[in-house]
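In what follows, a single structure is set out as structure tokens and then discussed.
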There are 2 protein chains.
Amino acid sequence: MRIIVLQCSVSYEGRLEAYLPSAKRLILNKSDGCVAIHADGGAYKPLMWMNAPNRIIENLDEWVITNPKGEKLRIKIEEIFSDISYEFGDDPGLTKDGVEAHLQELLAENPQHLESGLTLSKREYFTEIGPVDLLCRDTNGIAVAVEIKRKGGIDGVEQLTRYLDYLNKDPKLRPVRGIFAAQQIAPQAKTLAKDREISTVEIDYDELRGMESLNLRLF
Amino acid sequence: MRIIVLQCSVSYEGRLEAYLPSAKRLILNKSDGCVAIHADGGAYKPLMWMNAPNRIIENLDEWVITNPKGEKLRIKIEEIFSDISYEFGDDPGLTKDGVEAHLQELLAENPQHLESGLTLSKREYFTEIGPVDLLCRDTNGIAVAVEIKRKGGIDGVEQLTRYLDYLNKDPKLRPVRGIFAAQQIAPQAKTLAKDREISTVEIDYDELRGMESLNLRLF
DNA sequence: AGGTGTATGTCGCAT
DNA sequence: ATGCGACGTACACCT
């Protein structure tokens, strides 16, 4: 990791063209070769950058960074205030918890959490227009398509509606109804779902995780 | 801008929960208060971050950063290798050029590029549910709504469908059909569009630009 | 390598 | 504030 504080101007030509007038800025050059130019504000996103893989040509007063796609970043160096380098070694990386994948996993193992008596037919049921999160059967043997989101918005209801339209064309499945499940569901999404006769279920993640650990203890 | 190289472990509780085991890393603390923890790789995105506005409690061996939404970032400091600060002053910011707006501009001037004989009625035709990129008439005088994207996905087809549903309620326009135009259109989007009887056109941007420069030479 | 869906997306602009 | 669409989105996962 190389960390440089300097006065510079920068230009980018690639998917768009952009230019940064001269100012005091920070450059990060990571060991994978990527370069990022930061201002002292504006959240974590750099003003400009070039990810790996790339080729860096480093002159005294200018860096020219190009990548295989033909994009070009040009840093004009006016004055260097600090230029330090450190070896970091590999980062163990982060462990995440509580994303949509995990929700889907838990609900696939506990479909009855969505509705009493519901049983799983297929997880990630593939269609031409995308994968249906869960395909289930209810106590009457009726097919049920389940769309799972962490945050349930209108777009999720739209997505499930598309799946339902598609699935209901299949004579072997028809009729298919829908359940929209999320940790939180926006009021607008609830209204839209109701309008389309789609059930909504708000999931208590901690409760679901509790059921899972109970299963683990039992079996 | 404060730049710290240190051995640390980090935890985040908020929209998800995550944990970073101890390793050598870089912390950026910008003047707006935002904090980002970088590893020496993985493009420009930090491993963890907390944007402004936030409150930072800085102890000898631990930083605790919280924001009004109740998210919490905890940095456990084990060893500091470098800790430098610089004043940057305001950044003039960047100037951009050349995105979807330009594509719309070019197609507004060359609607025949979308379909032979097509003529423009209105660019950015405003409706209650949003602006229709182009409203045209075909050779039979039938109204045509055009949605333009750089990359055409399912969401774009959904958007156009909403516009068509809306426009077809207007007796002065009805019937209205749709054209979905983009530099690239995803196969799923094509399938969905076909299913809804919406035409799709993939635009060759360079060719279109060529026509434009031809126009400029002619007139 | 290319396509598709997710993201602590971020960011900007509208209401 | 909140919703919605664009982004040099980046990124993981899949064929």
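Each chain gets a letter, A, B and so on, in the order the sequences are listed, and its residues count up from 1. We use all heavy atoms of the structure for the numbers below, so side chains are in, but hydrogens, waters and symmetry mates are not.
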Nearest whole Å is fine: how far is [N] [atom2] from [X] [atom1]?
{"X": "B:K190", "N": "C:dG3", "atom1": "NZ", "atom2": "C1'", "answer": "12 Å"}
{"X": "A:M50", "N": "D:dA10", "atom1": "CE", "atom2": "P", "answer": "11 Å"}
{"X": "A:D133", "N": "C:dT6", "atom1": "CG", "atom2": "C1'", "answer": "12 Å"}
{"X": "A:M48", "N": "D:dA10", "atom1": "CE", "atom2": "P", "answer": "14 Å"}
{"X": "A:I37", "N": "D:dG8", "atom1": "CD1", "atom2": "C1'", "answer": "13 Å"}
{"X": "B:I185", "N": "C:dG3", "atom1": "CD1", "atom2": "C1'", "answer": "15 Å"}
{"X": "A:I65", "N": "D:dG8", "atom1": "CD1", "atom2": "P", "answer": "18 Å"}
{"X": "A:E71", "N": "D:dC7", "atom1": "CD", "atom2": "P", "answer": "15 Å"}

inquiry  = Going by salt bridge (Lys or Arg N to Asp or Glu O under 4.0 Å), name the pairs with one or both residues in residues 66-77 of chain B, residues two or more places apart or in two chains.
reply    = B:R15-B:E71, B:E62-B:R74
ask   = What salt bridge (Lys or Arg N to Asp or Glu O under 4.0 Å) pairs are there with at least one residue in residues 181-196 of chain B, not counting sequence neighbours?
value = A:K169-B:D195, B:E158-B:R196, B:K190-B:E202
inquiry  = Taking side-chain hydrogen bond (donor to acceptor under 3.5 Å, both in side chains) as the definition, give me every residue that meets it alongside B:K24, ordered by chain and number, with sequence neighbours left out.
reply    = none
note = Applying salt bridge (charged side-chain N to carboxylate O under 4.0 Å, His left out) to B:E58 and not counting sequence neighbours gives B:R2
Euclidean distance for [atom1], [N] against [M] (whole angstrom):
{"N": "D:dC4", "M": "D:dG8", "atom1": "P", "answer": "22 Å"}
{"N": "C:dC11", "M": "D:dC11", "atom1": "P", "answer": "15 Å"}
{"N": "C:dT6", "M": "C:dT10", "atom1": "C1'", "answer": "14 Å"}
{"N": "D:dA6", "M": "C:dT8", "atom1": "P", "answer": "22 Å"}

query = Do we see a donor-acceptor contact under 3.5 Å between the side chains of B:K45 and B:H38?
reply = no
request  = For B:S199 and B:E115, test the side chains for any donor-to-acceptor distance below 3.5 angstrom and give the result as yes or no.
outcome  = no
query = Taking only residues two or more places apart in sequence or in another chain, which ones pass side chain to side chain contact (heavy atoms under 4.5 Å, CB included) with A:S31?
reply = B:D40
Nearest-nucleotide 5' precedence on DNA chain D, B:Q159 against A:L47 = B:Q159
message = Taking only side-chain N and O atoms of B:R162, does any of them lie within less than 4.0 angstrom of OP1 or OP2 on D:dC4?
response = no
query = Within less than 4.0 Å of OP1 or OP2 of C:dG5, is there a side-chain N or O belonging to B:Q188?
reply = yes
Review item, nucleotides 10-12 of chain C N/O atoms under 3.5 Å of protein N/O:
| unit_1 | atom_1 | unit_2 | atom_2 | d |
| --- | --- | --- | --- | --- |
| C:dT10 | OP1 | B:W49 | NE1 | 3.1 |
| C:dC11 | OP1 | A:G42 | O | 3.2 |

